[in-house]
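Labels below follow one simple rule: chain letters A, B, ... track the order of the sequence lines, proteins then strands, and each chain is numbered from 1.
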Amino acid sequence: MHGRPRKPTKPEDAAASAAKAQKLRALQNQFIHNHQNKIYTEEAVELSAKLLGINPESYTAWNYRKLAVEQKLSQSESDPDSLKSIFDEELRVVESALRQNFKSYGAWHHRKWVLSKGHSSIDHELRLLDKLQKADSRNFHAWNYRRFVATLMNRSEEDELKYTEDMICNNFSNYSAWHNRSVLLSNLLKRKVEGFLSKEKVLPDEYEFVHQAVFTDPDDQSGWFYHLWLLDQTVKLDSPQLVSSWPLPGSDLTLLGNRCLDGSASPFTRFYSDSGTFPLILYFNQAVEGVNLSTITVDSEVTSNKALVWKPLSTVNSQASQVWATQLNFSNVKTDSSKAYPVEVSLGHSQGIISSNGFRYGKPSRFTFRVCAQHVETKPAEELDRERILWRDEDFHLYDTHSQESSPIVLLDQLSINNDHESTDSEWRAAVIAKEIDHFRELLSLINCKIGKLTLARLLMAHDAMMWPSANKFSHSEVLELYNDLMKLDPTHVQYYKDHHSLVLLQQVTSSWKSLLGHCFYYRDLTSSLTGNPICLRLNNLSLSQVGSFDKLLWVQMLDLSHNELRSIEGLEALQLLSVLNLSNNKIGNFTALEPLKQLKSLKVLNISYNEIGAHSIDTTRYLCSSPLSHSIGSEWYLDKIVADDDVKSYWEAYFILKGLNLTQLDIVGNAIADEKFKLFLIKVIPVLKWLDGEQLH
Amino acid sequence: MMGELAVDKHVKYIISVEKKKDSFESVVMEHLRMNGAYWGLTTLDLLGKLDAVDNGEIISWVMKCQDDSGGFAGNIGHDPHILYTLSAVQVLALFDKLDILDIDKVSNYIAGLQNEDGSFSGDMWGEVDTRFSYIAICCLSILKQLDKINVDKAVNYIVRCKNLDGGFGCTPGGESHAGQIFCCVGALAITGALHHVDKDLLGWWLCERQVKSGGLNGRPEKLPDVCYSWWVLSSLIMIDRVHWINKDKLVKFILDCQDMENGGISDRPDDAVDVFHTYFGVAGLSLLEYPGVKAIDPAYALPVDVVNKIIFGK
Ligand SMILES: [Zn+2]
């Protein structure tokens, strides 16, 4: 099916093909007859070999030969020589089939089947493989078979590692060999085999090795992924650690018993809650499992640890998550007292917190924050519902701080400093990265190449992350420039670079208190009462195609992401305090892309006007959201009465996302899906809705 | 100059292949005629021309390929195998005729192929491959019988086949390959387990499959080929990273592989066409939202309306 030239068939060719076809058909028919009637005579078995010589993909013929072998074994003497000759004949048939088609699954499996019987010479297999792999060094069947043989003969992983080295030195452009090397090396490192005890010793040599490939021909991809893997091995700390939380360590949280008009508490650390509860959020450096009552203790004189339920904030039904949250209940606390209640969170018995690779949380750690409750009379609730959030520019005033209030970023720095557990280990890592940065700068001084720029961008970001927060200079601007260059250099992948550019831009925005303040606005004025926290983080009009840096934004309650190029809001589920969100004028293509919103139980106001919902026939988040398609919503859905409703079947995506939210205000205009029928459906699904596209309901 | 999709020519080509049984190529392919039926019929459905075939005749042939074990063979007289069992179920799903199946019998055959470590064999002879994991999961999901297997173990086995480039291989340690990645990502999608995929890492590897001509290859430093339009694209869609490739260039590459005279699509421009590449070309165009082609589901590899009917009853 591959690589045959398209040409008009000449009559003589057609005739020849028909003659060949007739012969093959006769052979095939005879074979099927033999197979159906269990005829295993020498002649019949020979006929199957002939068929396989012409068509190695004829899988039934391989099955037939296995049956024939079993038949022969049951009849022949069990002396080693006759056994060996029975199996040697099979090996011969496989070898000639492989000469016909080197990629025949059936032939390779037949060979494995023979070898696993244990009557054949394994040494011969290795010699055969050497020959075959020289002829086609990328054949993945041969590489798979090689791993099978190596295991069968207990060949050491060091020897196989040496083999990949030879193959690579022979030709740098052998991705298969680089791949096998990464498999072997990670096994050796994991098992801490002699000579592979520490990454510190092994990785620098590997960098040297892969440079030869990347620097010889920067356009050849063979070394690219190996280098990225080495970078990942250098940067990534095995054990999970806490990178952020809300409330932040050392912070004073003001819990407002009602929507507050009082401007005395810092808007960054106050939270409105009529139920007297607030979320406690833990943000780790990687997805972890096992956050529960026995691994985390929350101590305060007000709440009881026993009542806490920890939830992973992951989409779909994963038990592992980078972000975990629980609700703390302070409803018993006397309001208007000036007393601040300390809360201590300790990850002391944290051995049970485990990364997806099986590494345990490092040293026990703890942090505290203080909570005081205030109660202020405001307008009655029904009056508030009549208020509508507008997104006119004149409603926003740049926030300007006069007091020395604690900013979330400053506190985040403290969290990291308290956490510098593996500092002795990080020295060599930083040194390796610094050296790589020099190498790639040198490469770029010689040749302007895509992989050079991309790798340099990744190295610089990795270096920054290691130095944070103690460094006084970051490379964001340089990295942004590199991604700008890449968009021009490699326009085919412009969106890949754009997404990364967006993430770096957000890291830059959140890297300092000063730069973040430039995006903090008051909504209307201090007397506005719709949100408990009048600070709106405005990240609008930044050409963002992706959002990130959520670990630094856990305090955000009102967020403006409008007028960007967002297709997804992956990760937004971490912002548990969010109550007002503007996503208008983006490129959201389907309701399934809004899956993270399902985790935001405080969300009241949502603007998704002027997106692309309903405009695409292919839904790229169809399998990233919970639904019966991915079996992440089970049979209970079928039992749901509302399913009988045809509208729910047509709009199942919207139904799954919106039915659990308590939105009071929704803007959906400007999406292909938003016709009158759909709006009536929305009103049915969200009974508490007060405003739809600027129109007051009821 | 970029041609349009020659819908009528491709429909004619597919129907003619079905009738032309005397060339050497068609005899060599006879053992996988069930796959061929799935490729051809799905293409017709995507082009809105499924009614051009006699479904009664096809369905009775499909049922003649079923073995006593419950599995289906690639053709009458051949042995049953999981590869052809999925194609048979998919063909019946296209015609909305799943009700003629003995669901228990088919699903017991598939469930019986799960091994202790969670992997699946292709048939009684024990070849193990993540392709078979996908097939088992996809097929059982269509038949609503996933509870017959140990899904957690099946997922764990697939995760063990994950590589350091973010892709997946046939067995643990096997090199990443776009076809294999489709199988593993598809199986994880259907079981709600895509959180095991490093979407950014795999997305970069997959989007780097696009070469200068606009076509996609299946592994680094290999030639582009129309069939990877399906495998790479569907995987990129399932992990929401398809915007990382240039869609217009890929549409052009696929259209350039059409035989504008006799219909059909080939692996590369000016090569001989076949049903396999015709299907993958049209399915690729469907994933690229090419006008006039019905939408295909990236995980079940069936038209979206067929899948929605099975899953949502509409
Ligand atoms: Zn192909």
Is it the backbone or the side chain of [X] that comes under 4.5 Å from a heavy atom of chain B, or both, or neither?
| X | value |
| --- | --- |
| A:D619 | backbone |
| A:N29 | neither |
| A:L51 | neither |
| A:Q22 | neither |
| A:H109 | side chain |
| A:L629 | both |
| A:N63 | both |
| A:R622 | side chain |
| A:S182 | both |

### Query
Does a side-chain heavy-atom distance below 4.5 Å link A:R567 with B:D240?
no

### Query
If you round to the nearest 0.5 Å, how far is NE2 of B:H195 from OG of A:S314?
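It is 7.5 Å, given to the nearest 0.5 Å.
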
### Message
Tell me which of these, B:D129, B:N163, B:V242, B:L146, has more heavy-atom pairs under 4.5 Å with chain A than the rest.
### Response
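The residue among B:D129, B:N163, B:V242, B:L146 with the greatest pair count is B:N163.
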
### Message
For chain A, which candidate among B:H196, B:H81, B:K222, B:K294 shows the most heavy-atom pairs at distances under 4.5 Å?
### Response
B:K222

### Query
Can you name the ring pair (Phe, Tyr, Trp, His ring centres under 6.0 Å) partners of A:F148, sequence neighbours left out?
A:Y145

#### Entry: Summary of side-chain hydrogen bond (donor to acceptor under 3.5 Å, both in side chains) pairs that have at least one residue in residues 259-269 of chain B, sequence neighbours excluded
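As it turns out, the side-chain hydrogen bond (donor to acceptor under 3.5 Å, both in side chains) pairs with a partner in residues 259-269 of chain B, which skip direct neighbours, are A:R6-B:S266.
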
### Task
Before giving the answer on salt bridge (Lys or Arg N to Asp or Glu O under 4.0 Å), spell out for B:E127 and A:R111 the whole-Å C-alpha distance, their side-chain angles and the decisive distance to 0.1 Å.
CA-CA 11 Å; B:E127 182 183 3; A:R111 201 167 188 91; over 6 Å; no

